[in-house]
Amino acid sequence: MPYSSEMQKEILKNTRNIGFIAHIDAGKTTVTERVLYFAGRIYKIGGVDEGTTAMDWMAQERERGITITSAATTCIWNQYTINIIDTPGHVDFTAEVERSLRILDGGVVVFDAVAGVQPQSETVWRQADHYHVPRICFINKMDRVGANFFGAMDSIARRLNANPVAIQIPIGQEDEFQGVIDLVDGKAIFYEGEGPVSPREGPVPEEMIEEFSRYRSALVEKVAETDDELLIKYLEDEEISKGEIKRALRKATLDYKVVPVLCGAAVRHRGIQPLLDAIGDYLPSPLDVPPTECKSYSTGETVTRHPGDPDSPFTALAFKTVADPYIGRLVYFRVYSGSAPAGSMVFNSTNGRRERLGRLVQMHANRREDIEEASSGQIVAAVGLKDTTTGDTICGSQQDAASLETITFPDPVVSVAIEPKSRGDQDKLSDSLIYMSDEDPTFKVAYDNETGQTIISGMGELHLDIMVDRIKREYKVEANVGKPRVAYRETVKAAARAEGRFVRQTGGHGQYGHVWMEIEPLERGGGIQFESKIRGGVIPNEFISSVEDGAREALSTGPLSGFPMVDAKMTLVDGSYHEVDSSKMSFQIAGSMAAKSLMTRGKPALLEPVMKIEVVTPGDFLGDVLGDLARRRAQIRNIEGQGGIQSVRAEIPLAESFGYANAIRSLTQGRASYTMEFDNYIEVSKELAGV
């Protein structure tokens, strides 16, 4: 039965679409597991180390104790329906975080109470900033040796340029962590025993009243700064009620002015119920985020979709595809407006095709529950969408169709060659690679015509290692894999001008294409740009796109080592055409000829990918670590010390980073750890490039 407009708004008001995001090993999956247990979604608590958590369901996740793929689930806490996505923390699987944040309304960022902000914490924070996702912070592992709540708060402010505000303070730290003091409600929450029992509430302990008063005043002051009415009350020393603080704190969180901070120890079940309360109190519902802007399919004009408007047409964004072994291809999507029943026809405004929305399912990790309808604000999955892929927009009909902003993913930086061990596995390998590249936009497959090899590319060694393992296990294909190869790029360092002239006279209909083009370097990350400055019909408009196609195709193979060109702008400035002999093909070839000439004249240079690396090591091994990084051509950016631990932040060429895990273990007797993520491309010196 369809809901009335008021009922639909009430449902949306109490809906929270959130994600748990963090650095690897901060405890996201453990927090999610406890959230699901206390919300009554699961009845047995699993552990990451034992490989028994609900959200880490893949064999590779359970063996390695890490999250590889984002998993979706739903639970209910008080009156709130909370749709949760648990995301990976390892940088190699950053695409999972990217596509999850694109469709979420709010985020819970989990931090390690000992380490505070770590490299991947910064990455996910930037991604959340990019997609304008309000968030709250949960400082986990308060029971660990070295836990420091206020140190972690300081690192959030310092390294993330955020405005954190504590809404709790811990009662004790490390092995004396007993609970938290709620600064808003003015009460203490004690956790007694080690099991998943309900906490005991009581007054603030006498010995902590002074500390409570100090931090509550800081909370009220920060919140009052964001609200004019409260600011007047605060300045006039009037009493500010708990309800007023919560209301202003919620508004400030949704406006990205403050970030509420809570704490706990998820593995010991501490701090989870207040976190669930905070998700409902401070994170947005679908009604709290601005109406979604999209482009009309028919007119190209900007239109808006309102989640609470029952007359708004069905509009959803596909953000993930999965090849399910039992029911086939699953497409996950977020509904931004309207509703669509199972079995209805929908229109894909990205590729212009109509498809049937087969079964609709609500996901709980890898388990499915059938539902009859996908409604505004929901995150669901569908069976039957064969031509819909990540980033596509699904609409109810063509006349109301519109396109949402798609999802952009980083380019892969590591490649390996792969081949089946037997001829009989050739087709199975091809099928498995097609399925996996459909699921993961950062996993690319290409065929090298020169060597006859199939090349797979990904975001790092671990990413490709997991993919090869999946090929063997899920698709039962035995394969040989080559050594990792770096995805170099080429660029130009100087402006240049060149002619492309393709003229063929064969007695009958000839070919004539003639262009003059210029090239100039762009800043790193500028990609390849094309501009036409043709005026007065020197070259007819219908041929200009062919010139661009030919030029872009030529730039896919650079003159130095055959790697793709990047960070260059091509401009079509002049040319001529023949009324009879000119064709799209002739101008495409002329554009390709001009581009090849431009590349050699523009002082080509080889670029290599550089990774940001952070090594955390005991101080005794700092000299050895720095010496090894120097041998690997790393540029040291910062060294920080805390206690006996040193943190080294540097930039290292990807080519020098292979095998670093084994090297760092042997250098530090297995006591150091490191994290690495792609940063940018830099020019390779002439000596190393062999130019």
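Expressed to the nearest 0.5 Å, how far CH2 of W125 lies from CG of L160 amounts to 5.5 Å. Atom OG1 of T15 sits about 8.0 Å away from atom CD of Q378, to the nearest 0.5 Å.
Between I169 and M208, some side-chain heavy-atom pair lies under the 4.5 Å cut-off. Looking only at side-chain heavy atoms (C-beta outward), C294 and T393 stay at 4.5 Å or farther from each other. Taking the side chain as every heavy atom from C-beta outward, R250 and T253 never approach each other to under 4.5 Å. Residues V35 and W77 have side chains not in contact (no heavy-atom distance under 4.5 Å, counting atoms from C-beta outward).
Because its NZ or CZ atom is not both nearer than 6.0 Å to the ring centre of Y332 and within 45° of the ring axis, R334 does not count as a cation-pi partner of that residue.
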Determine, stepwise, if the pair E244 / D227 fulfils side chain to side chain contact (heavy atoms under 4.5 Å, CB included). CA-CA 10 Å; E244 288 175 316; D227 187 288; over 6 Å; no

Intermediate values then yes/no, side chain to side chain contact (heavy atoms under 4.5 Å, CB included), N17 and I103: CA-CA 8 Å; N17 292 317; I103 55 93; over 6 Å; no

Run the side chain to side chain contact (heavy atoms under 4.5 Å, CB included) test on V109 and I156 for me, step by step, so that the C-alpha distance in whole Å, both residues' side-chain angles and the decisive distance to 0.1 Å come before the verdict. CA-CA 11 Å; V109 190; I156 292 170; over 6 Å; no

Begin with the C-alpha distance, continue with both residues' side-chain angles, and end with the deciding distance and a verdict on side chain to side chain contact (heavy atoms under 4.5 Å, CB included) for I171 and I181. CA-CA 7 Å; I171 303 173; I181 293 175; 3.7 Å; yes

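Within the structure, the side chain to side chain donor-acceptor pair (under 3.5 Å) test picks out no pair touching residues 165-185 (sequence neighbours left out). Residues in residues 132-152 take part in these ring pair (Phe, Tyr, Trp, His ring centres under 6.0 Å) pairs, two or more places apart or across chains: F150-Y215.
The environment of CD in E210 is sparse: at most 12 heavy-atom neighbours from other residues, nucleotides or ligands sit within 6.0 Å. At most 12 non-hydrogen atoms from other residues, nucleotides or ligands lie less than 6.0 angstrom from CD of E229. Heavy atoms of other residues, nucleotides or ligands lying less than 6.0 angstrom from CG of D228 number 12 at most. Counting heavy atoms of neighbouring residues, nucleotides and ligands inside a 6.0 Å radius, atom NZ of K233 exceeds 12 of them.
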Check residues 217-224 and write down every donor-acceptor pair under 3.5 Å in which the side-chain atom is one partner and the other belongs to a residue at least two apart or another chain.
| from | atom 1 | to | atom 2 | distance (Å) |
| --- | --- | --- | --- | --- |
| S217 | OG | S213 | O | 2.9 |
| K222 | NZ | N163 | OD1 | 2.9 |
| K222 | NZ | P164 | O | 2.6 |

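R144 contributes no side-chain N or O that, together with a main-chain N or O of D112, makes up a donor-acceptor pair within less than 3.5 Å. A donor-acceptor contact shorter than 3.5 Å is absent between the side chain of Y681 and the backbone of R524. Panel note: side chain D255, backbone K257; no donor-acceptor pair is recorded below 3.5 Å.
Taking the side chain to side chain donor-acceptor pair (under 3.5 Å) definition, one finds that E651 meets it with R637, sequence neighbours left out. Considering only residues two or more places apart in sequence or on other chains, Y80 meets the ring-ring contact (aromatic ring centres under 6.0 Å, His included) condition with none of them. Applying the side chain to side chain donor-acceptor pair (under 3.5 Å) test to D129 and every residue at least two apart in sequence or in another chain returns R135.
The side chain to side chain contact (heavy atoms under 4.5 Å, CB included) test with L104 is passed by exactly one of I379, N83, I21: I379. Tested against D105, the residues P134, P284, S285 include a single side chain to side chain contact (heavy atoms under 4.5 Å, CB included) partner, P284. Screening N140, I136, V108 for a side chain to side chain contact (heavy atoms under 4.5 Å, CB included) with L262, the sole residue that qualifies is I136.
A salt bridge does not link D567 with R489: none of the charged nitrogens is closer than 4.0 Å to a carboxylate oxygen.
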